[in-house]
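This report concerns only the one structure given below.
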Amino acid sequence: MKRFFKTTAALAGMLSVAVIFFTAVPASAQPSIPQGAKILMKAYPNFIKGYENGYLLMSDGTKMQYDDGRKKSFEQKLDDADPEDMFAFKYDRKSWTPEYLQDAGRSRCEQLFKKMYGSSAAEVRKHLVTVSWFGEKVLFTPINGAADSLRAVARELEKHPELRSYLKSSGSFYWRKVRGANRQSAHSYGMTIDIAVAKSDYWLWKNPGKKETEKIVYANRFPKELILIFEKHGFIWGGRWYHYDTMHFEFRPEILMANP
């Protein structure tokens, strides 16, 4: 009997030590949520509900791999982006001349964007609404608050008649591939608007024949005040890309959250 109690006491002591050891694991050693995943959950709460074991947890019950673990070239991050790749570049809001190959926003995870906005022209189109835009009606998606954000931009721009010559729409929804690439254009999802094509600059117009990784000359004729109003309401500007497209404004709140 004495041996039984001694053995029981010893086992209890070992169990206590095991419990203490288990609960003493530092927080830094616990699995953490990548910052980009946290930002995506905040930017798109109607679609992304959580993160677990390397996957975004979607509101429809499916999972989406956050990082495929592949080392990618600059062009691969554009053509074959996972959600993590969307945060690979810097959207520099403090400088008006983009650094070499800093194209934050040009990487779009097609799986994610098609999940949110629609995987075909017909699917996207069935959600589109009209937004009044300085005497025009443009088609825009209400998903994620994009159409309401464009309306907020328009209300603020109404107070700036000096900017009116830049506001003619050059197109919003258009299901197509990016010129010269096999990835879907942001216009396909109905959350992008081009304006003032006559006053705009595009990197290939100014640098004909140049490839994606070659050095190019920057150009822009859009006023800073116009850009800041769009950014205030969740839109990124193509003029902040090294491969600039100054007419281009795209609803991408996650890029602005990652680059305050």
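Between Met58 and Leu112 there is a side-chain heavy-atom pair separated by less than 4.5 Å. Within the 4.5 Å cutoff, side-chain heavy atoms of Leu167 are placed close to those of Arg164. Looking at Tyr242 and Lys215, their side chains come closer than 4.5 Å, going by heavy atoms from C-beta outward. Using a 4.5 Å heavy-atom threshold, the side chains of Arg93 and Arg240 count as touching. Side-chain atoms of Asp92 and Glu99, non-hydrogen and from C-beta on, do get closer than 4.5 Å to each other. The closest side-chain heavy-atom distance from Tyr189 to Glu110 is below 4.5 Å. Contact annotation: the side chain of Pro83 never approaches that of Asp67 to less than 4.5 Å [non-hydrogen atoms, C-beta and beyond]. Put simply, the side chain of Leu256 does not reach to within 4.5 Å of the side chain of Arg252, judged on heavy atoms.
No single ILVMFWY cluster, assembled from side-chain heavy atoms under 4.5 Å apart, contains both Val178 and Met86. Residues Ile255 and Met257 share a hydrophobic cluster, clusters being chains of Ile/Leu/Val/Met/Phe/Trp/Tyr side chains in contact below 4.5 Å. Ile48 is connected to Met64 through a chain of hydrophobic side-chain contacts under 4.5 Å among Ile, Leu, Val, Met, Phe, Trp and Tyr, so both are in one cluster. Under the 4.5 Å side-chain heavy-atom criterion for ILVMFWY residues, a single connected hydrophobic cluster contains both Leu163 and Leu150. One hydrophobic cluster, built from ILVMFWY side chains closer than 4.5 Å, cannot hold both Val217 and Met247; they sit in different ones.
Taking all atoms of both residues into account, the shortest heavy-atom contact from Gly105 to Ile236 is CA-CD1, 3.7 Å. Nearest heavy atoms, Ala146 versus Phe235: O-CZ, 4.1 Å. Considering every non-hydrogen atom in both Trp237 and Asn220, the closest pair reads CZ2-OD1, 3.3 Å. Summarising the geometry of Asp201 relative to Thr246, their closest heavy-atom pair is N-OG1, 2.7 Å, with the distance given to 0.1 Å. For the residue pair Ala258 and Phe87, the shortest heavy atom distance occurs at CB-CD2, 3.8 Å. Residues Gly50 and Met41 come closest through the heavy atom pair CA-SD, 3.3 Å.
Rounding to the nearest 0.5 Å places NE2 of His127 at 4.5 Å from CD1 of Ile143. Once rounded to the nearest 0.5 Å, the distance linking CG of Leu78 with CG of Leu101 reads 9.0 Å. In this structure, OG on Ser172 lies 7.5 Å from CG on Leu128, to the nearest 0.5 angstrom. Considering NE2 of His233 and CZ of Arg151, their distance stands at 13.5 Å, rounded to 0.5 Å. With values rounded to the nearest 0.5 angstrom, Ser188 atom OG is found 7.0 Å from Phe173 atom CZ. The distance from the CZ atom of Arg106 to the NZ atom of Lys77 is 13.5 Å, given to the nearest 0.5 Å.
For Lys114, the NZ atom counts as densely surrounded, since its 6.0 Å shell holds more than 12 non-hydrogen atoms of other residues, nucleotides or ligands. When the shell of 6.0 Å around NZ of Lys232 is examined, it contains 12 or fewer heavy atoms from other residues, nucleotides or ligands. The number of heavy atoms from other shown groups lying within 6.0 Å of CG (Asn182) does not exceed 12. Annotation: Lys49, atom NZ; neighbour count of heavy atoms from other residues, nucleotides and ligands within 6.0 Å is above 12. For Tyr174, the OH atom is loosely surrounded, since the number of other residues' heavy atoms within 6.0 Å does not exceed 12.
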Given Glu52 and Lys63, is the side-chain contact (heavy atoms from CB on, under 4.5 Å) satisfied, shown in steps? CA-CA 9 Å; Glu52 184 178 67; Lys63 296 181 179 181; 3.9 Å; yes

Trace of the ring pair (Phe, Tyr, Trp, His ring centres under 6.0 Å) decision for Tyr55 with Tyr66: CA-CA 5 Å; Tyr55 286 84; Tyr66 176 70; over 10 Å; no

Check against ring pair (Phe, Tyr, Trp, His ring centres under 6.0 Å), Trp241 and His248: CA-CA 10 Å; Trp241 298 337; His248 183 97; 5.2 Å; yes

Give the C-alpha distance, both sets of side-chain angles, the deciding distance and a yes or no for salt bridge (charged side-chain N to carboxylate O under 4.0 Å, His left out) between Arg183 and Asp80. CA-CA 8 Å; Arg183 61 184 181 273; Asp80 189 18; over 6 Å; no

Using the rule given for side-chain contact (heavy atoms from CB on, under 4.5 Å), can you reason through Tyr244 versus Ile216, listing the C-alpha separation, both sets of side-chain angles and the distance that settles it, and then say yes or no? CA-CA 10 Å; Tyr244 53 91; Ile216 58 176; 4.2 Å; yes

Verdict with supporting geometry, Asn144 and Tyr117, side chain to side chain donor-acceptor pair (under 3.5 Å): CA-CA 9 Å; Asn144 293 319; Tyr117 297 109; 3.0 Å; yes

Under the criterion side-chain contact (heavy atoms from CB on, under 4.5 Å), I'd like the reasoning laid out for Phe140 against Thr130: C-alpha separation, chi angles, the key distance, then a yes or no. CA-CA 6 Å; Phe140 228 70; Thr130 57; over 6 Å; no

Does the side-chain contact (heavy atoms from CB on, under 4.5 Å) test come out yes or no for Phe249 and Ile227, once each step is laid out? CA-CA 9 Å; Phe249 293 87; Ile227 312 313; 3.8 Å; yes

Run the salt bridge (charged side-chain N to carboxylate O under 4.0 Å, His left out) test on Asp82 and Lys72 for me, step by step, so that the C-alpha distance in whole Å, both residues' side-chain angles and the decisive distance to 0.1 Å come before the verdict. CA-CA 11 Å; Asp82 57 30; Lys72 299 175 184 176; 3.6 Å; yes

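In this structure, Lys199 forms a cation-pi arrangement with Tyr166, its terminal cationic atom sitting closer than 6.0 Å to the ring centre and no more than 45° off the ring axis. Figure legend: Arg108 and Phe113 shown without cation-pi pairing, the cationic atom not lying both under 6.0 angstrom from the six-membered ring centre and within 45 degrees of its axis. Cation-pi geometry between Arg125 and Trp175 is not satisfied (NZ or CZ under 6.0 Å from the ring centre, within 45° of the ring normal).
Formation of a donor-acceptor pair under 3.5 Å by the Glu156 side chain with backbone atoms of Val153 is not found in this model. The main-chain N or O of Gly54 is never found under 3.5 Å from a side-chain atom of Gln65 such that the two would form a donor-acceptor pair. The backbone N or O of Leu228 lies less than 3.5 Å from no partner atom in the side chain of Glu231, so there is not a single donor-acceptor pair. Using modelled atom types, no side-chain atom of Gln102 and backbone atom of Pro98 make a donor-acceptor pair closer than 3.5 Å. With hydrogens and angles disregarded, a donor-acceptor distance shorter than 3.5 Å links the side chain of Ser59 to the backbone of Asn46. Between the Ser107 side chain and the Ala81 main chain, no donor and acceptor come within less than 3.5 Å of each other.
Between Trp133 and Phe230, the ring planes lie tilted relative to each other; the angle falls in the 30° to 60° range.
When only modelled atom types and interatomic distance are considered, Lys137 and Ser132 share a side-chain donor-acceptor pair under 3.5 Å.
Here the options are Phe74, Tyr218, Tyr202, the test is ring pair (Phe, Tyr, Trp, His ring centres under 6.0 Å), and the partner is His243; only Phe74 passes.
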